[in-house]
Amino acid sequence: MALPETDKDGFLLNLDDWSTSVATELALTEGITLTNAHWEIIHALREFYSEFDLSPAMRPLTRYLKQTLGADKSTSIYLLTLFPGSPAKVAARIAGLPRPENCL
């Protein structure tokens, strides 16, 4: 499958190009094989985006996940194990969302 167009950092240029198969391919470019735990975060991110019309940086993301998925799935350490490096940025990229504000 050919990936849709992305910017130089791998974020989709057209958010409507996102699908679960696109997410799987984007994850593979990060060296990540998506599990149910990853999908839980990805779906929560997409819900956050549809509710607030922005991609959350790390703090708002962990707060939102704590409310929606519980404390055990909202810690920075948990997110780092799923999305190494910069979890908010990597997860947003895989979820087909724009770059979160304040993420380098």
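Quick caveat, the model's predicted, so the values are computed rather than measured. Worth knowing before you read on, the calculation uses all heavy atoms, side chains too, and leaves out hydrogens, waters and symmetry mates.
Shown here are the side-chain contact (heavy atoms from CB on, under 4.5 Å) partners of Ser50, two or more places apart in sequence or in another chain: there are none. With sequence neighbours excluded, the residues forming a salt bridge (charged side-chain N to carboxylate O under 4.0 Å, His left out) with Asp9 are Arg99, listed by chain and number. Under the side-chain contact (heavy atoms from CB on, under 4.5 Å) criterion, Ala27 pairs with Ile32, Leu34, Ile94, sequence neighbours left out. Glu47 is linked by a salt bridge (charged side-chain N to carboxylate O under 4.0 Å, His left out) to nothing, counting only residues two or more places apart in sequence or in another chain. Partners of Ala71 under the side-chain contact (heavy atoms from CB on, under 4.5 Å) rule, at least two apart in sequence or in another chain, are Lys66.
The hydrophobic cluster containing Phe52 does not contain Leu15, counting ILVMFWY residues as joined when their side-chain heavy atoms lie under 4.5 angstrom apart, directly or transitively. No single ILVMFWY cluster, assembled from side-chain heavy atoms under 4.5 Å apart, contains both Leu28 and Val22.
When all heavy atoms of Gly85 and Leu80 are compared, the pair lying nearest together is O-CD2, 3.6 Å. When all heavy atoms of Leu3 and Glu25 are compared, the closest pair comes out as CD2-CB, 3.5 Å.
Proximity of Asp53 to Tyr49: side-chain heavy atoms (C-beta onward) are separated by under 4.5 Å at one or more points. Two residues are said to be in side-chain contact when any heavy atoms from C-beta on lie closer than 4.5 Å; Ile42 and Thr20 fail this criterion. Between Lys89 and Phe11 there is a side-chain heavy-atom pair separated by less than 4.5 Å.
Counting non-hydrogen atoms of other residues, nucleotides and ligands closer than 6.0 Å to CD1 of Ile77 gives a total of 12 or fewer.
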Side-chain polar contacts of residues 55-65 - donor-acceptor pairs under 3.5 angstrom, sequence neighbours left out - could you list them?
| unit_1 | atom_1 | unit_2 | atom_2 | d |
| --- | --- | --- | --- | --- |
| Ser55 | OG | Pro98 | O | 2.6 |
| Thr62 | OG1 | Met58 | O | 3.3 |
| Thr62 | OG1 | Arg59 | O | 3.0 |

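Atom CG of Leu79 is separated from atom OG1 of Thr81 by 7.5 Å, given to the nearest 0.5 angstrom. Rounded to the nearest 0.5 Å, atoms CD1 (Ile41) and NZ (Lys73) are 7.5 Å apart. Going from atom CD of Gln67 over to atom CZ of Phe48 covers 9.5 Å, rounded to the nearest 0.5 Å.
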Checklist entry - Given Arg46 and Leu97, is the side-chain contact (heavy atoms from CB on, under 4.5 Å) satisfied, shown in steps? => result CA-CA 7 Å; Arg46 292 185 62 80; Leu97 304 177; 4.1 Å; yes
